[in-house]
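All residue numbers refer to positions in the sequence shown, counting from 1.
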Amino acid sequence: MFELFDISKEEQEKILKQARRVLSGYRHLKRAYTLSMPQAHTQHYGGVSTSKTSKTSNESPELIRYLELGEKVEKIEQAIERVENNEYLKNKYMKANELSSWELVELSGYAKTTYARKFNVVLFDFAIAYGIVDLSKYEFTVETVSISRAQ
């Protein structure tokens, strides 16, 4: 599937599975983030640290949880934004109402197998953007193409 990388089929499946797991939890994470929002009139936001080791007495656990959830949600959203053709991910994982697989295929305008192949490429790109894949571990396969000029 990913000819440029020297990655085994098993490693590819493992990477895609991890990416799906992160993205599948996005809606729940976003909902938890929204629901955990502390009351603005009872919290002090200035100079708040999310570090677990540097909590001060004026930082409530609710505020810490809210900030940590916000960081996780933002990291996923930023990774999705860096992916080309990210509408595949947005339609499947980010919309409030979950679409069925046939609706996703129909929305894409491709045949089911073409959609699945394109979706896996986008999922792999997300895995790279999110940090699931460390590209320094893999070698790239590059073939040269010679072009001759007509005279």
* Asked: To the nearest 0.5 Å, what is the distance between OG (Ser100) and NZ (Lys92)?
  -> 9.5 Å

* Can Lys118 be said to sit on top of Tyr110's aromatic six-ring, NZ or CZ under 6.0 Å from centre and within 45° of the ring axis? -> yes

* Structure fact -> Heavy-atom nearest pair, Ala111 first then Val105, reads C-CG1, 4.2 Å

* Asked: Does the side chain of Glu103 reach to within under 4.5 Å of the side chain of Leu107, using non-hydrogen atoms?
  -> no

* Structure fact -> dist Asp125:CG -> Leu89:CG (nearest 0.5 Å) comes out at 9.0 Å

* To do: May I ask you to decide if the ring planes of Tyr88 and Tyr115 are parallel, tilted or perpendicular, using 30° and 60° as cut-offs?
  => tilted

* Measuring from Phe126:CZ to Ile76:CD1, what's the distance to the nearest 0.5 Å? -> 6.0 Å

* About how many Å separate CG of Leu35 and CZ of Arg65, when rounded to the nearest 0.5 Å? -> 9.5 Å

* Structure fact -> Interatomic distance, CD1@Ile15 vs CD1@Ile128, rounded to 0.5 Å, equals 8.0 Å

* Structure fact -> Hits for side-chain contact (heavy atoms from CB on, under 4.5 Å) against Glu74, two or more places apart or cross-chain, chain-then-number order -> Gln78

* Asked: Under the 3.5 angstrom rule, does the side chain of Arg27 hit a backbone N or O of Lys95 as a donor-acceptor pair?
  -> yes

Give every donor-acceptor pair under 3.5 Å between a side-chain atom in residues 19-26 and any protein atom, sequence neighbours left out.
residue : atom : partner : partner atom : Å
Arg20   : NH2  : Asn120  : OD1          : 3.3
Ser24   : OG   : Arg20   : O            : 2.7
Tyr26   : OH   : Glu77   : OE2          : 2.4

* Asked: Of all heavy-atom pairs between Lys72 and Leu29, which one has the smallest distance, and what is that distance?
  -> CB-CD2, 3.6 Å

* Might you confirm whether atom CZ of Arg31 has over 12 heavy atoms from other residues, nucleotides or ligands at distances under 6.0 Å? => no

* Interatomic spacing from CZ in Phe124 to CD in Gln12 - rounded to 0.5 Å -> 7.0 Å

* Looking at Met94 and Ile80, what are the two nearest heavy atoms and their distance? -> SD-CD1, 3.4 Å

